[in-house]
Amino acid sequence: MNYWLMKSEPDTFGIDHLAARPNQTEPWDGVRNFQVRNWLRDDMKVGDLAFFYHSSCKIPGITGIVKIIKAGYPDSTAFDPASKYFDPRSTEAKPLWYRVDVKLVKKFAEMITLQQLRAVPALQSMRLLERGSRLSITPVTAKEWETILKLAA
DNA sequence: GCCAACGTTGGC
DNA sequence: GCCAACGTTGGC
């Protein structure tokens with residue numbers, strides 16, 4: 001089983017949006033980066049857990065945990081000319097982009113801020129914290145996962 | 001709003 | 001296949 005960190009802008013789709021969804025479930029679509037696409041398509045499995053991260057906001061940080069409840073399948077927003085994620089290179093016969101479905105597991109009482117994460121020596125090599133890291137989904141090691149969970153306690 | 005970092009595009 | 005230009009991300 002793998003661990004992940006998934007970024008979202010709280011103004012667009014934050015953890016409270018997810019909490020308000022029927023079944024607290026949502027397709028994670030709109031990813032248009034090949035590296036992340038490969039993880040979505042090949043590596044994110046049912047039962048994997050991910051931190052839900054708020055980015056591009058006043059206080060960025062981890063706000064909770066979600067679970068992958070459906071593994072990679074074609075992102076149909078790429079087929080829809082009306083969607084802002086439309087990509088004519090992707091077809092139903094040969095899909096280019098993928099998504100997974102996530103379900104809310106837990107919203108933290110207190111957000112773990114990016115600033116807090118940076119201050120933890122055990123997290124220095126975390127993918128998220130790498131210089132210039134911009135990927136909307138990044139892998140998290142089991143060790144990092146445990147370390148961060150303790151911060152949430 | 002600025003700007004560093006970096007992925008993608010497209011001309012050659 | 002190189003690489004400059006461009007666009008986007010995202011923290012500050």
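Proteins get letters first, then strands, A, B, ... in listed order; numbering begins at 1 in each.
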- Item | Side-chain N,O (Arg89(A)) to OP1/OP2 (dT9(B)) below 4.0 Å | yes

- Task: In whole angstrom, give the distance that lies between atom CG of Leu96(A) and atom P of dG7(B).
- Result: 17 Å

- Close side-chain approach of Ile65(A) and Trp145(A), heavy atoms under 4.5 Å: yes

- Item | Minimum-distance nucleotide (side-chain atoms of Phe34(A) versus dG7(B), dT8(B), dC12(C)) | dT8(B)

- Task: Could you check how far CG of Asp87(A) sits from P of dG7(C), rounded to whole Å?
- Result: 17 Å

- Message: How many whole angstroms separate atom CZ of Arg134(A) from atom C1' of dG7(C)?
- Response: 9 Å

- Message: I need the CE-P distance between Met126(A) and dG11(C), as an integer number of Å.
- Response: 12 Å

- How long is the line joining CG of Leu129(A) and P of dT9(C), in whole Å? 20 Å

- For Arg118(A) and dG10(C), what is the distance between atoms CZ and P respectively, to the nearest whole Å? 13 Å

- For His54(A) and dC12(C), what is the distance between atoms NE2 and P respectively, to the nearest whole Å? 17 Å

- Could you give the CE-to-P distance, from Met6(A) to dG10(C), as a whole number of Å? 13 Å

- Task: Determine, using the 4.5 Å side-chain heavy-atom cutoff (strictly less than), whether Met111(A) and Leu114(A) are members of one ILVMFWY cluster.
- Result: no

- Message: So, OP1 or OP2 of dT9(C): does either fall under 4.0 Å of a side-chain N or O from Lys7(A)?
- Response: no

- Message: Counting only side-chain nitrogens and oxygens, does Tyr53(A) get under 4.0 Å of the OP1 or OP2 atom of dG11(C)?
- Response: yes

- Scan residues 27-55 of chain A for pairs that pass salt bridge (charged side-chain N to carboxylate O under 4.0 Å, His left out), counting only residues two or more places apart or in two chains. Asp29(A)-Arg99(A), Arg32(A)-Asp75(A)

- Query: Looking at dG10(C), dT8(C), dT8(B), which one has an atom nearest to any side-chain atom of Ser55(A)?
  - Reply: dG10(C)

- Item | Greater than 12 external heavy atoms within 6.0 Å of Lys107(A)'s NZ | no

